[in-house]
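Since the structure comes first, as structure tokens, the remarks are kept for the end.
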Amino acid sequence: MHAQTQERLIQPAIGISGSLRLPGDKSISHRYAMLGAFAEGTSRFTNFSTGADCASTLVCMSQLGATVEKIGEGAIEVTGVGGKVQTSNATLDCGNSGSTMRMLSGLLAAQEGRFSLIGDASLSRRPMGRIQKPLELMGARLTLSEGHAPLTLFGGPLKAIDFTTPVPSAQVKSCVLLAGLQTAGETTVREAIRTRDHSELALRAFGATLSRTIDSVSIAGPQQLHAIEAEVPGDISSAAFFLAAATLFPGSTLIIDYLGLNPTRAALLDVLAALGAQVQVLHIEEKHSELIGTVRITSPEEGLGSTEISGSNAAQLIDELPVLAAIAPYTSGGIRIRDAKELRVKESDRIALVAKNLRAMGAEVEEFEDGLDVPGGQRLHGATIDTGGDHRIAMAFSVAALRASGETLIQGAESAAISFPEFFDLLDQVAVR
Ligand code: S3P
């Protein structure tokens, strides 16, 4: 059971207004930290994620011999180990972070030694068999406890494989690519549904060569990485809470600046537009192949319509589904979510917790193995929210609370800091009350 320590009271709002610039994307920060720590030379990152998850990655990388130094607000300098970690026996605490555990396993599988990767109670319930299989095919040995962490990895020289991911998972893809980076021959990962491609872009930014087709990526190893300087784009999965909040109040306008708009991450903007919001990209630029832009969202005067999210869209929106479900009762026609079974094995069972908390607020919702039906045209009331220690549940229901009648108590509100410690302060800044 997660100890839920901090509570946060959310008062209803009458609108959302203002402009924001958000801390760096969690997925990109993990990758820049890991690759910078593995590369030759000293990398500098600004607007690095402020979340606890990326801090877990940094701590693990320092244990492996990298030097991490804070050089300013959101700015770090990482001096890498030049392709060889400096310990052959380490216990690495990945905290709450699935990305850390799965990607780091790939990086370490090709390193000589025995590495134990542990995590908190939530991470120790999440499936790790999905990385065990490809890494063992490559020749590493990995032991789990009934498919879960603690994970012990016996690494060493590997052989290249051609692997098809069994579930849409950027973490699994990245795990195999990081092992392939260090392995003679060509390692290929195929995926039926295209997942976020930050690892591919980051590997190239650090100097690696890889080739891509529509549904595969190949890397011929071994290759050496070289340090870079980068400003991490704002996290679109964090922005999702504010963009969704803005759509709840007819006429509300919000601007988010320097926001990551990688096409494999930006499907949210299409969904909000499909619901009737006016979404404008005011500026766009590219840094290290990541798209970054300024987005203005204006909520429709007539309120939100309805939409369905399924198939590859469900995989691309996986982190945004809780907040979309949480605003769905306020649409006119509801939101239907399918093909999102992966939501059940995130930091919590997000399908079950979304349904439970919507019901606590008085909403009708139907739960399916792979999704939810949330009818529109509903009125919600304030309630006590069980976040299950899951950051995205805490933030999603803080957004739903803005249009409920009465106040809402978010239990375990501290979990927001896993990805977004500034969330509640920024919500107070843009909420009009
Ligand atoms: C992530 C991939 C997704 C996502 C997670 C971050 C990444 O997980 O839910 O928040 O950075 O690669 P899966 O790869 O398990 O789908």
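Both ligands and their constituent atoms are indexed starting at 1 by order of listing.
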Are any of the side-chain nitrogens in R212 or D197 under 4.0 Å away from the carboxylate oxygens of its partner? yes
Once you restrict both partners to nitrogen or oxygen, which atoms of ligand 1 have a protein partner under 3.5 Å, and how far apart are they?
residue, atom, partner, partner atom, Å
ligand 1, 8 (O), Q171, NE2, 3.3
ligand 1, 8 (O), K346, NZ, 3.0
ligand 1, 9 (O), D319, OD1, 2.7
ligand 1, 9 (O), D319, OD2, 3.4
ligand 1, 9 (O), K346, NZ, 2.7
ligand 1, 10 (O), D319, OD1, 3.4
ligand 1, 10 (O), D319, OD2, 2.8
ligand 1, 11 (O), S27, OG, 2.7
ligand 1, 11 (O), R31, NH1, 2.9
ligand 1, 12 (O), R31, NH2, 2.6
ligand 1, 14 (O), S169, OG, 2.8
ligand 1, 14 (O), A170, N, 3.0
ligand 1, 14 (O), Q171, N, 2.9
ligand 1, 15 (O), K346, NZ, 3.3
ligand 1, 16 (O), K346, NZ, 3.2

Would you indicate whether the side-chain heavy atoms of [Y] and [X] approach each other to under 4.5 Å?
| X | Y | answer |
| --- | --- | --- |
| V59 | Q63 | yes |
| L402 | L427 | yes |
| F420 | P23 | yes |
| D257 | S19 | no |

Tested for side-chain hydrogen bond (donor to acceptor under 3.5 Å, both in side chains) against R196, the lone hit among N262, T264, D319 is D319
